[in-house]
Amino acid sequence: MLMEKGEIIGIVLQKSEANELQGLIRADEEINIGQLLLIDDSEKLSLVRVENYEFLNEFFDERGDIAKSILKEPSIYEILDMNTIIKATLHLIKKYDHNTTPKPGSFVRRLPEIKSEKDLLSFYGIKNKKGLIEYGALAGSEIPLLLDLNAITMHVGVFGETGSGKSYNMRYLIKLLSNIKIGDKITALPMIVIDANGDYIDLASTNLDIVSKGRGWIKRYILKDPKEQNDIKLTIDLSIFTPRELSEFIMSLKYGEASYNTLQLNFLEQVLANHDSKEYNTLLGTAIGIENLRNEILTMAQNKDIGITTSTARGIASALEIFKNKVITRLQLVNSSASLTENTLEVIWRNRGLAIIDFSAEGSPGIDVLTKQLIVSYITRLIFNYLTKSKYNGNQRFLGFVIEEAQNYIPSVDYPVNANLTKDVLVTLATQGRKFGASLILVSQRPAFIDKYVLSMINTFFFHRIYHEDVRYVMSASGGLPESLTRNLTSLETGHIIISGLMSIMKSPALVRIPWDARLGSYAGNVERIDLILSEG
Ligand SMILES: Nc1ncnc2c1ncn2[C@@H]1O[C@H](COP(=O)(O)OP(=O)(O)OP(=O)(O)O)[C@@H](O)[C@H]1O
């Protein structure tokens with residue numbers, strides 16, 4: 001390694017288990033679990049991760065006189081401080097051009113200062129940065145973590161409790177994926193973002209320049225009249241769905257998921273199946289079409305041979321009325337010439353575009369979870385169809401699909417949402433999509449509520465601070481996150497993230513900090529200080 005080495009902050013005491021060292025570190029050194037440090041054994045360098053640490057003091061004996069006098073006499077803290085040291089467990093993750101375990105007495109150093117690209121390459125032991133993007137900085141240093149863009153199709157999870165910084169991280173990732181430098185060119189990964197709370201919509205308006213260097217097409221899809229230049233009214237084409245799926249959706253709107261009457265469901269399915277799927281947009285997408293369908297059903301109920309009662313038919317008719325009010329009259333969601341189609345995906349691809357589907361109360365007033373699922377299901381199908389057709393025609397395409405509040409679309413059995421419409425198609429996209437260039441980026445506050453099978457297909461994890469309840473689940477699903485790191489996930493600071501998995505060139509989990517950038521931080525989810533706002537005006 002050619003670069004300068006970081007400052008000495010401690011020494012290695014002994015080797016404990018395989019790949020684990022015990023070390024002593026200065027007490028005034030700010031270290032964090034998951035942070036990387038360098039071990040210097042007479043110029044043989046190794047990289048280690050802080051797996052655990054504790055403060056030790058030679059006076060520590062709770063029954064001793066000194067302990068008692070500490071409580072009586074605060075000034076003794078100074079003496080105590082002088083005699084305190086950090087004992088740390090360090091996990092070996094990389095040896096630089098040697099194959100020996102650092103001996104006791106080796107120096108523990110901070111990570112080096114990186115002054116040039118050459119330093120960066122030698123730090124990571126690589127020849128060039130092709131396909132790699134710089135992300136944040138390894139904790140306790142200014143060294144960016146390098147992420148392998150080519151592993152993004154192995155799917156990504158961004159998990160953390162409310163307020164842990166997921167949206168900011170996602171905005172940062174979108175910024176990076178919108179400014180990918182390849183040679184002299186700046187390009188971008190084509191992306192569709194399901195924006196649950198309007199945290200990304202400014203990227204299509206006031207903060208467009210953050211993402212526009214590598215992109216030629218940036219739009220926000222909303223469910224109200226578009227007023228801004230880059231706004232598009234979202235409409236979808238129902239002919240992509242089966243009669244069963246549409247019937248389940250319509251009956252669920254009235255009765256709740258899985259609480260509908262199967263007789264009604266089956267009958268509606270049968271009636272829809274009698275029509276050509278091309279008719280669905282007029283039949284279900286217009287007030288007249290729905291009126292005709294209702295009449296068709298009520299008339300059929302008169303015919304005793306058909307075998308449904310008038311009350312069954314009325315139940316269906318009333319569900320259709322609710323569907324009309326919620327989805328057609330209010331949201332005007334259906335149109336045979338939909339505003340988002342496979343052709344749109346081709347436009348997104350060609351322009352390295354970004355489509356933000358705004359589900360916030362402002363962009364889509366009155367939208368419910370079921371209708372969000374219908375839309376996500378529709379988009380997932382478009383993506384799958386588009387990418388598979390392109391690949392079979394010899395044109396490999398790539399598309400990143402960011403889904404916030406992923407538990408609403410691919411819930412685990414413990415989560416009180418069924419998501420019949422989205423779950424299967426998203427599982428298919430996760431399993432097969434990677435071959436065709438689909439990259440799922442799932443964002444959630446509660447990874448424990450995401451379907452285990454889908455979670456097992458995620459190969460890169462960005463862990464923010466998570467809830468205690470999620471720890472066990474995360475350990476089993478993420479595969480390979482060491483126990484002490486996992487336990488520490490519940491107390492991570494906002495802005496600190498443990499990154500593990502295929503995209504991280506480190507290959508081993510590491511603690512990374514993402515710098516705060518005020519412009520990137522100005523978004524809907526950003527919580528203003530209540531005291532400051534109240535004191536204004
Ligand atoms: N890297 C960071 N450095 C400093 N502050 C940050 C950082 N990331 C986020 N924050 C702050 O933390 C707060 C919460 O961040 P953010 O909205 O991204 O959290 P979240 O996990 O998306 O929350 P929710 O699940 O409720 O949407 C914001 O007010 C933001 O200002």
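Since the structure is predicted, the reported quantities are computational estimates derived from the model, not experimental observations. Just follow the structure's listing: the first ligand is 1, and inside any ligand the first atom is 1.
A donor and an acceptor atom, one from each side chain of S491 and R465, are nowhere located under 3.5 Å apart.
Relative orientation of the F55 and Y53 rings is perpendicular, given thresholds of 30° and 60° on the angle between their planes.
A heavy-atom separation below 4.0 Å is not found between G160 and ligand 1. The closest approach between a heavy atom of S164 and any atom of ligand 1 is below 4.0 Å.
Taking all heavy atoms of L520, V158, N169, I514 into account, the minimum distance to atom 1 (N) of ligand 1 is reached by I514. Around atom 6 (C) of ligand 1, the closest heavy atom drawn from W516, F159, Y168 belongs to W516.
Atoms of ligand 1 found under 4.0 Å from any heavy atom of T494 (numbered from 1 in listed order, with element): 6 (C), 7 (C), 8 (N), 9 (C), 10 (N), 11 (C), 12 (O). The distance from ligand 1 to the heavy atoms of E161 drops below 4.0 Å at these ligand atoms: 21 (O).
Here's the thing with G495: none of its N/O atoms is less than 3.5 angstrom from an N/O atom of ligand 1. Ligand 1 has a nitrogen or oxygen under 3.5 angstrom from a nitrogen or oxygen of S167.
In summary, D470 and R446 engage in a salt bridge, as defined by a charged side-chain N under 4.0 Å from a carboxylate O. With salt bridges taken as basic N to acidic carboxylate O contacts below 4.0 Å, none links R171 and D199. Of the charged side-chain nitrogens involved, none lies within less than 4.0 Å of a carboxylate oxygen, so that K166 and E404 do not count as a salt-bridged pair. A salt bridge between D40 and K5 is present, with a side-chain N of the basic residue lying under 4.0 Å from a carboxylate O of the acidic one.
The stretch residues 360-379 participates, sequence neighbours left out, in these side chain to side chain donor-acceptor pair (under 3.5 Å) pairs: R220-E362, K224-E362, D358-S360, D368-T371, S377-R381.
Residue contacts with ligand 1 for K166 involve both N, CA, C or O and side-chain atoms from C-beta outward (heavy atoms, distance under 4.0 Å).
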